[in-house]
Amino acid sequence: MSRLFRAVIMGPPGSGKGTISERIARGFGLQHLSSGDFLRENIASNTEAGVLAKTYIEKGLLVPDHVMTRLLLPRLEEMTCHSWLLDGFPRTLAQAEALNSSCELDLVISLNIPLETLKERLSHRWIHQASGRVYNMCFNPPRVQGVDDITGEPLIQQDDDKPEALVARLRHYKDVAKPVIDVYKAKGILHTFSDTDTDRIWPYISSLLSAKIPTDIADAQRASTH
Ligand SMILES: Nc1nc2c(ncn2[C@@H]2O[C@H](COP(=O)(O)OP(=O)(O)OP(=O)(O)O)[C@@H](O)[C@H]2O)c(=O)[nH]1
Ligand SMILES: Nc1ccn([C@@H]2O[C@H](COP(=O)(O)O)[C@@H](O)[C@H]2O)c(=O)n1
């Protein structure tokens, strides 16, 4: 079995984690694991964790560490034969310590995007809830306004993107992300990217991954996902 590649992408809400994760999954064959999508699936399925998580998300707060860890770690244990990119987890030091005790990461991408840019982006974000497909009326609009390109179903704006929830989310992110960033900086696997435009950041991330992901892993992953 070829070696595996495990990476994390982190950044504040609206920083482009999902957008860049999709490009990485497409270009390098890593399995994109979105903690936010996983939570929304649990909320939609009315699971015990989903019901509890919803009470935090609608207030723009982070779901408690033990709930997130209990949700995500078993999910990662199902992926022992895959290279993956984890999006939105870990978000706190406790989550990072739990993750680090269960697997060895090869790379952490941290997106450092200005606050005004985040607010602007999220005010124009529309989601197709069932698939998690993300649109932006300025950056990547749907072909027909308000409906999903693939299913034609209506798009929605997430409650936690609304300005009143967003400010809490952004403030909280800054407080909890710094110790996580420090852990991965100390491990020598953190790479930070700062800009207001994803299309300007992408070539640098793509070059980094091309250098870091051994070609046999990328080829094997692409073959297994096509
Ligand atoms: N204008 C503009 N919008 C962008 C850019 N990159 C991403 N977006 C949009 O901004 C919004 C946020 O991008 P996401 O990829 O969902 O960001 P995220 O970090 O996953 O956000 P959370 O899921 O809230 O953590 C989406 O509507 C994207 O389509 C960009 O360079 N310019
Ligand atoms: N580790 C995490 C990840 C997510 N959340 C909550 O889910 C919301 C949506 O997540 P996105 O990655 O799609 O932004 C987020 O706003 C948090 O409320 C969390 O608590 N812990």
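As the structure is a prediction and not an experimental result, all values here were calculated from the model. Below, all heavy atoms of this structure are taken into account, side chains as well, without hydrogens, waters or symmetry copies. For ligands, and for the atoms within them, numbers begin at 1 and follow the listed sequence.
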Item to complete: Could you check Asp161 against Arg125 for salt bridge (charged side-chain N to carboxylate O under 4.0 Å, His left out), going step by step and ending with a plain yes or no?
Response: CA-CA 8 Å; Asp161 282 356; Arg125 178 163 73 174; 2.7 Å; yes
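- For ligand 2, the atoms sitting less than 4.0 Å from at least one non-hydrogen atom of Arg40 are 9 (C), 13 (O), numbered in the order shown with element in parentheses.
- For Asp87, no nitrogen or oxygen atom sits less than 3.5 Å from a nitrogen or oxygen atom of ligand 2, counting backbone and side chain alike.
- Near Val63, meaning under 4.0 Å from one of its heavy atoms, ligand 2 places the atoms 19 (C), 20 (O).
- Ion pairing of Arg171 with Asp175 is absent here, as no side-chain N (NZ or NE/NH1/NH2) approaches a carboxylate O to less than 4.0 Å.
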Worksheet item: Under the salt bridge (charged side-chain N to carboxylate O under 4.0 Å, His left out) criterion, do Asp199 and Arg23 qualify, and how do the steps go?
Response: CA-CA 11 Å; Asp199 289 337; Arg23 296 186 188 187; 2.7 Å; yes
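- Heavy atoms of Pro13 found under 4.0 angstrom from ligand 2: none, in either backbone or side chain.
- At a cut-off of 3.5 Å, with distance as the only test, a side-chain donor of Thr151 or His128 sits close to an acceptor on the other residue.
- By heavy-atom distance, the residue among Gly88, Gly36, Gly132 lying nearest atom 1 (N) of ligand 2 is Gly88.
- Under a 4.0 Å criterion applied to the non-hydrogen atoms of Leu39, ligand 2 contributes the atoms 4 (C), 5 (N), 6 (C), 7 (O).
- Put simply, Val134 and Leu86 are part of two different groups of oily side chains (I, L, V, M, F, W, Y) that touch within less than 4.5 Å, one to the next.
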Worksheet item: What's the verdict on side-chain hydrogen bond (donor to acceptor under 3.5 Å, both in side chains) for Asp195 and Tyr204, showing C-alpha distance, side-chain angles and the deciding distance?
Response: CA-CA 11 Å; Asp195 200 304; Tyr204 296 97; over 6 Å; no
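- For atom 2 (C) of ligand 2, the nearest non-hydrogen atom from the set Gln158, His172, Arg91 comes from Arg91.
- Taking every heavy atom of Ser35 and a limit of under 4.0 angstrom, the matching atoms of ligand 2 come to 3 (C).
- In the vicinity of Arg169, heavy-atom distances shorter than 4.0 Å reach the ligand 2 atoms 14 (O), 16 (O).
- Arg133 and Asp149 are not joined by a salt bridge, as no carboxylate oxygen comes within less than 4.0 angstrom of a charged side-chain nitrogen.
- Taking every heavy atom of both residues into account, Leu111 and Pro12 meet most closely at O-CD, 3.4 Å.
- Side chains of Ile150 and Ser131 form no contact here, defined as non-hydrogen atoms less than 4.5 Å apart.
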Every pair of nitrogen or oxygen atoms between ligand 1 and the protein that is under 3.5 angstrom apart - can you list them with their distances to 0.1 Å?
residue, atom, partner, partner atom, Å
ligand 1, 6 (N), Thr198, OG1, 2.7
ligand 1, 15 (O), Gly18, N, 3.3
ligand 1, 15 (O), Thr19, N, 2.8
ligand 1, 15 (O), Thr19, OG1, 2.7
ligand 1, 16 (O), Arg125, NH1, 2.8
ligand 1, 17 (O), Gly16, N, 3.1
ligand 1, 19 (O), Ser15, N, 3.2
ligand 1, 19 (O), Ser15, OG, 3.4
ligand 1, 19 (O), Gly16, N, 3.1
ligand 1, 19 (O), Lys17, N, 2.9
ligand 1, 19 (O), Lys17, NZ, 2.8
ligand 1, 20 (O), Gly18, N, 2.8
ligand 1, 21 (O), Gly14, N, 3.0
ligand 1, 21 (O), Arg125, NH1, 3.0
ligand 1, 23 (O), Arg125, NH1, 3.2
ligand 1, 24 (O), Arg125, NH1, 3.2
ligand 1, 24 (O), Arg125, NH2, 2.8
ligand 1, 24 (O), Arg169, NH2, 2.9
ligand 1, 25 (O), Lys17, NZ, 2.6
ligand 1, 27 (O), Tyr135, O, 2.9
ligand 1, 27 (O), Asn136, ND2, 3.2
ligand 1, 29 (O), Asn140, OD1, 2.9
ligand 1, 31 (O), Arg121, NH2, 3.3
ligand 1, 31 (O), Thr198, N, 2.7
ligand 1, 31 (O), Thr198, OG1, 3.3

Listed pairs under 3.5 Å, donor-acceptor, residues 68-79 side chains, sequence neighbours left out:
residue, atom, partner, partner atom, Å
Thr69, OG1, Asp65, O, 2.8

